[in-house]
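Here the structure is laid out as structure tokens; the discussion comes afterwards.
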Number of protein chains: 2
Amino acid sequence: MGASLKEIAERVGISAASVSIYLNNPDTNRVSAGTKDKIDKAAEELNYRRNLFASSLSRHVSKVIGIIIPTNIPLFQNVYTNMLLSGVQKCLAGEGYSLLFFPSSASTSKENVREQLRHSAGCDGYILFSTGFCPMDHILLNIRELQDTGKPFATLNVPKVPETINQVIIDDLESVRGLEFLLNAGHKKILMVLGRQHGEHMQLILSKYRLMLKEWGIPLDNDLVIFGNYSHEDTYLKVSRFLTSRRDITAICCMSDLMASSALAAVKSTGMTVPGDISIIGRNNSLYAVLADPPLTTIDLSISEAGFKAAQLLLDSLENPSISRNIILNGKLIERSSVNEN
Amino acid sequence: MGASLKEIAERVGISAASVSIYLNNPDTNRVSAGTKDKIDKAAEELNYRRNLFASSLSRHVSKVIGIIIPTNIPLFQNVYTNMLLSGVQKCLAGEGYSLLFFPSSASTSKENVREQLRHSAGCDGYILFSTGFCPMDHILLNIRELQDTGKPFATLNVPKVPETINQVIIDDLESVRGLEFLLNAGHKKILMVLGRQHGEHMQLILSKYRLMLKEWGIPLDNDLVIFGNYSHEDTYLKVSRFLTSRRDITAICCMSDLMASSALAAVKSTGMTVPGDISIIGRNNSLYAVLADPPLTTIDLSISEAGFKAAQLLLDSLENPSISRNIILNGKLIERSSVNEN
DNA sequence: TTAAAAAGGTTAAGCGTTTAACAGAGAGAG
DNA sequence: CTCTCTCTGTTAAACGCTTAACCTTTTTAA
């Protein structure tokens with residue numbers, strides 16, 4: 001198929017080595033100007049393009065980063081993950097790196113990562129994404145697998161990862177900053193709309209939640225916590241069902257803007273108003289929040305920035321594998337019009 | 001670093017070939033049961049994982065598909081592209097293929113694709129995405145580049161590609177089906193909110209638009225066409241500005257749900273109601289449409305299905321490079337509550 | 001005039017896997 | 001007792017590219 005260096009070399013009448021030398025460093029003085037022209041011409045005519053794999057094999061460097069997302073639900077459907085990816089890609093592409101996404105059919109995050117890594121040797125490094133619903137033992141196993149590759153890697157918002165590992169995390173306090181804001185605004189009966197119940201992330205958030213209620217002297221009411229799966233249908237259904245039985249809440253705190261938008265729709269469908277009757281706060285500062293009516297107060301988690309930084313961390317440790325860095329990103333509250341004082 | 005076959009072989013006391021043979025085909029009878037166990041043990045202990053690049057080089061097959069998106073604006077930020085990607089990935093991952101995204105710093109789509117392809121030899125095939133704002137000559141050049149690789153490829157919603165090329169397209173009529181629906185509902189003064197003005201896609205849509213107006217005997221009014229860049233801010237601004245000068249329209253037809261949501265916000269901000277004063281129709285059937293208030297009538301383009309099919313096409317032609325197929329997908333109208341009879 | 005340096009290459013080994021071809025030892029068939 | 005399988009391997013080349021080391025010939029400097 002594609003022409004090889006050797007074919008170019010033959011056509012020009014020189015050795016493949018010379019062609020390689022020139023193509024990899026056009027300014028070289030080990031190839032004469034005339035020969036350079038001939039190489040260019042031959043390469044053009046033969047449609048030469050360098051074989052990434054052969055080149056990587058020889059150089060021990062591939063300029064390819066493996067993206068490890070420990071789930072086999074379809075990729076590219078989740079705003080949160082997409083924003084992370086966007087940041088990662090922006091940084092990596094800027095430095096000339098390619099991104100590789102591996103297939104995996106395994107359904108548990110444990111097996112899934114193992115399978116993705118199985119045929120991955122050759123990448124220069126990896127970025128491990130958090131999916132939010134990995135239990136802690138799986139997380140630890142995933143990290144272990146990654147370490148075993150012997151390649152540098154960084155984790156992206158994976159909770160409770162040892163400090164010796166390159167990581168960027170979005171401070172967990174942020175998860176309840178929305179709650180804090182609502183409490184400050186005088187709300188006492190607040191419905192929490194969280195993500196998947198099992199998974200380390202949610203456990204952290206839950207404990208923060210309980211702690212904060214305690215600080216404010218508000219009694220725990222387990223009915224006021226809804227676990228969901230971040231989808232619209234699910235959230236709409238659960239919030240609607242909740243509202244048929246109880247109307248005493250004055251605010252809803254959601255773990256994503258999408259869920260906040262769904263909650264908003266559910267509230268509106270009962271005839272209640274936002275923020276008149278019920279205040280709503282989201283999280284992520286995604287487009288969903290700005291497009292909602294009323295626009296949603298939310299927490300900007302600088303998600304794509306987190307992705308960018310994780311990629312930076314990885315590239316750093318490609319240069320200097322011995323150092324490892326942790327970056328903690330803080331969210332900031334974006335006030336719009338979905339929250340009233342109570 | 002990562003252990004190699006040779007290291008396993010040494011530890012077990014056999015040749016690397018045997019290890020390879022066993023690992024690639026665990027049922028082989030060219031390795032004894034005892035040896036198999038030893039290999040497993042050694043592979044486990046040494047954290048062996050196969051080097052994708054070396055393996056691909058040797059086998060002439062990599063199980064890697066290159067994703068070519070002719071733009072260097074950050075990836076993973078556009079719902080439309082993400083939905084396409086999602087379908088592509090779902091199909092490819094299901095068949096054990098990895099996805100490779102190449103970097104490129106070039107800003108014109110022409111140079112951009114060339115650069116992405118430059119170091120790509122080794123992939124089994126490619127999928128070329130449409131960005132919607134490529135001019136025709138760039139498209140043709142891109143296709144040419146792809147052909148020059150000698151590898152199979154498929155194009156995904158790239159307009160006017162020769163029939164001999166694997167492609168899935170979303171029928172262009174769909175682009176104006178929203179318009180048709182509004183006309184049928186009795187609207188005559190319809191604001192069109194389109195995408196980028198230059199680019200083959202938009203030219204096609206424009207001509208369909210003009211044709212349809214002519215059929216309905218409605219005079220052309222160039223002020224009723226707004227070109228945008230698919231972003232919220234831009235759309236909101238342009239529609240708002242439009243509404244300050246003219247209020248005689250009864251409907252808005254948008255090329256994406258996001259733009260429709262932005263238009264909706266702009267309309268609401270003037271105090272007018274949807275669909276009371278102005279009807280709005282979107283396109284894509286994305287979450288934006290279902291979350292909007294009122295939920296938007298839209299055109300379901302089965303985008304992720306298009307991605308899936310393109311991947312299927314590619315895999316087919318990996319098996320049988322001689323055949324090529326075209327798939328045309330039709331959109332269907334999803335009626336919700338943003339359009340009134342006029 | 002001579003030594004050193006520059007110019008313009010070449011050779012050959014190596015990267016980690018795969019695979020066609022080969023081969024020795026034992027078992028079973030005739 | 002020989003022939004042919006079957007088992008269980010091994011060898012060596014190949015994939016396409018890179019790179020350290022080497023080699024002429026020509027130019028330059030002193």
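Residue numbers begin at 1 in each chain, while the letters A, B, ... track the order of the sequences. For the numbers below, each heavy atom of this structure counts, side chains included, while hydrogens, waters and symmetry mates do not.
Summarising the geometry, the separation between CD1 on A/Ile14 and P on C/dA7 is reported as 18 Å, rounded to the nearest angstrom. Rounded to whole angstrom, the span from the NZ atom of B/Lys6 across to the P atom of C/dA13 amounts to 14 Å. The separation between A/His60 atom NE2 and C/dC15 atom P is 6 Å, rounded to whole Å. The NE2-C1' distance, from A/His119 to C/dG16, rounds to 15 Å in whole Å. For the pair B/Glu7 CD and C/dC15 P, the computed distance is 10 Å after rounding to whole Å. The separation between B/Asn51 atom CG and C/dG16 atom P is 7 Å, rounded to whole Å. When the C1' atom of D/dT10 is taken as reference, atom CD of B/Glu10 falls 15 Å away, rounded to whole Å. Remark: P of D/dT10 and CD1 of B/Ile8 are 14 Å apart, rounded to the nearest angstrom.
Between B/Arg11 and B/Glu45 there is a salt bridge, with a side-chain nitrogen of the basic residue lying less than 4.0 Å from a carboxylate oxygen of the acidic one. Between A/Glu145 and B/Arg49 a salt bridge is recorded (basic side-chain N to carboxylate O distance below 4.0 Å).
Across all strands shown, A/Ser55 has heavy atoms under 4.0 Å from sugar-phosphate atoms exclusively, and none from any base. Within the 4.0 angstrom heavy-atom criterion, only backbone atoms of the sugar-phosphate kind lie near B/Ser4; the bases stay farther away. The residue B/Ile21 sits close to a base: some heavy atom pair falls under 4.0 Å.
Within residues 22-37 of chain B, the residues approached by DNA chain C to less than 4.0 Å at the level of any non-hydrogen atom are B/Asn24, B/Arg30, in residue-number order.
Side-chain polar atoms of B/Arg50 and B/Asn24 form a donor-acceptor pair below 3.5 angstrom.
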Please report the C-alpha distance between B/Asp40 and B/Tyr48 in whole Å, then the side-chain angles of each, then the deciding distance to 0.1 Å, and finally whether the side-chain hydrogen bond (donor to acceptor under 3.5 Å, both in side chains) criterion is met. CA-CA 10 Å; B/Asp40 284 336; B/Tyr48 173 77; over 6 Å; no

Please assess B/Asn166 against B/Thr155 for the test side-chain contact (heavy atoms from CB on, under 4.5 Å), listing each intermediate value before the final yes or no. CA-CA 6 Å; B/Asn166 286 308; B/Thr155 67; over 6 Å; no

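Ring geometry, B/Phe76 versus A/Phe76: the interplanar angle falls under 30°, so the pair is classed parallel (tilted spans 30 to 60°).
In this structure, B/Ser18 does not reach the D/dG9 phosphate: none of its side-chain N or O atoms is under 4.0 Å from OP1 or OP2. An OP1 or OP2 oxygen of D/dT18 is reached within less than 4.0 angstrom by a side-chain nitrogen or oxygen of A/Arg50.
Closest approach to the B/Leu57 side chain among C/dT18, D/dG16, D/dC17 is made by D/dG16 (side chain taken as heavy atoms from C-beta onward).
Counted within 6.0 Å of CD on A/Glu44, heavy atoms from surrounding residues, nucleotides or ligands total 12 or fewer; the atom is thus considered open.
The base of C/dT17 sits within donor-acceptor range of the side chain of B/Ser58, with an N or O pair under 3.5 Å.
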